[in-house]
Amino acid sequence: MTKGNSTKITDELYQYVLAHNPPLDEVQRGLVATTYEVFPASAGMQSAEEQGPLLAFLVRLTGARHIVEIGTFTGFSSLSMAQALPADGRLIACDVSEEWTAYAREAWAKAGVADRIELRIAPALQTLRAMPAEPHIDMAYVDADKESQISYWEELVPRLRPGGLIVTDNTLYHGSVLDESTTGSAAGVRAYNEHVVADARMESVMLGISDGLTLSRKR
């Protein structure tokens with residue numbers, strides 16, 4: 001079998017990648033910096049810098065108009081996606097923290113996309129189950145508590161339109177998915193990955209971007 005991971009991503013090569021991606025704008029970069037300054041112990045939950053332009057690209061590529069985000073934190077990913085939405089597009093952002101999402105609200109307002117985003121502070125499963133049951137979601141981004149991911153998936157897939165996309169972050173979970181005896185969040189990611197790859201309703205590709213990113217398209 002040919003190995004495809006012979007290129008090691010050094011710090012210098014990572015900076016090269018960023019330099020050849022669409023640059024973050026002033027609001028995005030300020031939000032990233034603020035997150036690391038205010039929440040240094042939790043800042044790792046923020047989507048990687050290269051994922052912002054990628055998410056925006058996927059919004060445009062799919063023509064998404066209705067997006068659901070599960071796990072908003074300080075708002076970098078929702079900001080990136082909302083900026084790529086048409087003016088009448090809508091993003092429902094699901095989180096349980098008023099403290100974290102206060103920074104998200106501020107950034108959305110600065111970027112002029114607050115009117116495209118509806119923040120729902122409640123358990124994400126509660127929010128999902130209150131949505132219409134018929135297919136209407138164009139794209140979803142899943143980046144929340146890992147032990148609930150299969151439940152999120154099962155609520156999202158029936159509500160996803162044909163050709164719609166689910167993007168899931170952290171599907172490599174720092175490499176711990178290789179450990180069959182792992183527990184907690186890592187075990188949740190392992191179980192989710194197996195669930196996703198076995199779901200005949202969807203076609204999925206796992207990518208080695210950042211901590212692992214899986215793209216799943218509804219057949």
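One-based numbering along the sequence shown.
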### Task
Might you work through the side-chain contact (heavy atoms from CB on, under 4.5 Å) test for Ser216 and Leu165, ending with a clear yes or no?
CA-CA 6 Å; Ser216 305; Leu165 190 67; 5.7 Å; no
Say you draw a straight line from [atom1] of [X] to [atom2] of [Y]; how long is it, rounded to the nearest 0.5 Å?
| X | Y | atom1 | atom2 | answer |
| --- | --- | --- | --- | --- |
| Asp95 | Ser78 | CG | OG | 9.0 Å |
| Thr101 | Ile117 | OG1 | CD1 | 11.5 Å |
| Met81 | Gln51 | CE | CD | 10.5 Å |
| Arg217 | Ser204 | CZ | OG | 11.0 Å |
| Asp115 | Trp108 | CG | CH2 | 12.0 Å |
| Thr35 | Trp100 | OG1 | CH2 | 11.0 Å |

Verify the cluster assignment for [X] and [Y]: are they in a single hydrophobic cluster under the rule of side-chain heavy atoms below 4.5 Å apart?
| X | Y | value |
| --- | --- | --- |
| Val38 | Met45 | yes |
| Leu85 | Leu61 | yes |
| Ile209 | Leu178 | no |
| Leu207 | Ile9 | no |

Closer than 3.5 angstrom, by distance alone: can the side chain of [X] be matched with the main-chain N or O of [Y] as a donor-acceptor pair?
| X | Y | answer |
| --- | --- | --- |
| His195 | Asn193 | no |
| Asp145 | Glu147 | no |
| Thr10 | Leu13 | yes |
| Ser97 | Glu99 | yes |
| Asp138 | His66 | yes |

[X]: hydrophobic cluster co-members (side-chain, 4.5 Å):
| X | answer |
| --- | --- |
| Trp153 | Val68, Ile70, Ile92, Leu125, Leu128, Met131, Ile137, Val142, Ile150, Tyr152, Leu156, Val157, Leu160, Ile166, Tyr192, Val196, Met202 |
| Met206 | Leu172 |
| Val177 | Tyr173, Val189 |

### Task
Considering only NZ, NE, NH1 and NH2 on the basic side and carboxylate oxygens on the acidic side, decide whether Glu203 and Lys218 come within less than 4.0 Å.
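No, this pair does not count.
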### Task
Using a strict cut-off of less than 4.0 Å between a Lys/Arg side-chain nitrogen and an Asp/Glu carboxylate oxygen, indicate whether Arg159 and Glu154 qualify as a salt bridge.
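Looking at Arg159 and Glu154, the cut-off is not met.
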Counting C-beta onward and ignoring hydrogens, is there a side-chain heavy-atom pair between [X] and [Y] closer than 4.5 Å?
| X | Y | value |
| --- | --- | --- |
| Thr214 | Val167 | no |
| Ser42 | Phe73 | yes |
| Arg90 | Ile67 | no |
| Pro158 | Glu134 | no |

What are the two closest non-hydrogen atoms of [X] and [Y], and how far apart are they?
| X | Y | value |
| --- | --- | --- |
| His136 | Pro132 | CE1-O, 3.1 Å |
| Leu79 | Ala111 | CD1-CB, 3.5 Å |
| Leu91 | Ala82 | CD1-N, 4.2 Å |
| Ala56 | Ser80 | CB-O, 3.6 Å |
| Ala104 | Gly75 | CB-CA, 3.6 Å |
| Ala122 | Val96 | O-CG1, 3.6 Å |

### Query
Taking only residues at least two apart or on different chains, which pairs with a member in residues 123-132 satisfy side chain to side chain donor-acceptor pair (under 3.5 Å)?
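Pairs touching residues 123-132 that pass the test: Arg129-Glu155.
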### Message
Evaluate Thr74 against Leu31 for side-chain contact (heavy atoms from CB on, under 4.5 Å), listing each step before the verdict.
### Response
CA-CA 8 Å; Thr74 57; Leu31 180 58; 4.2 Å; yes
### Derivation and outcome, salt bridge (Lys or Arg N to Asp or Glu O under 4.0 Å), residues Lys110 and Glu106
CA-CA 6 Å; Lys110 284 181 180 178; Glu106 183 178 350; 3.5 Å; yes
### Query
Any chance the side chains of Thr72 and Glu69 put a donor and an acceptor closer than 3.5 Å?
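Present: a donor and an acceptor within the cut-off.
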### Message
Side chains of Gln28 and Gln83 only: does a donor on one sit below 3.5 Å from an acceptor on the other?
### Response
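Checked: Gln28/Gln83 side chains pair up, N/O donor to acceptor below 3.5 Å.
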Return a table of donor-acceptor pairs under 3.5 angstrom between the side chains of residues 14-21 and protein atoms on other chains or two or more places apart.
residue	atom	partner	partner atom	Å
Tyr14	OH	Glu50	OE1	2.5
His20	ND1	Tyr16	O	2.8

### Message
Show, in sequence, the C-alpha distance, side-chain angles and deciding distance for Arg161 and Thr62, and conclude whether the side-chain contact (heavy atoms from CB on, under 4.5 Å) test is met.
### Response
CA-CA 11 Å; Arg161 66 157 170 87; Thr62 59; 4.2 Å; yes
### Task
With Lys146 as reference, evaluate Thr171, Asn170, Thr168 under the side chain to side chain donor-acceptor pair (under 3.5 Å) test and give the passing residue.
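Single side chain to side chain donor-acceptor pair (under 3.5 Å) partner of Lys146 among Thr171, Asn170, Thr168: Asn170.
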### Query
Of all residues at least two apart in sequence or in a different chain, which pass the ring pair (Phe, Tyr, Trp, His ring centres under 6.0 Å) check with Tyr141?
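Partners of Tyr141 under the ring pair (Phe, Tyr, Trp, His ring centres under 6.0 Å) test: none.
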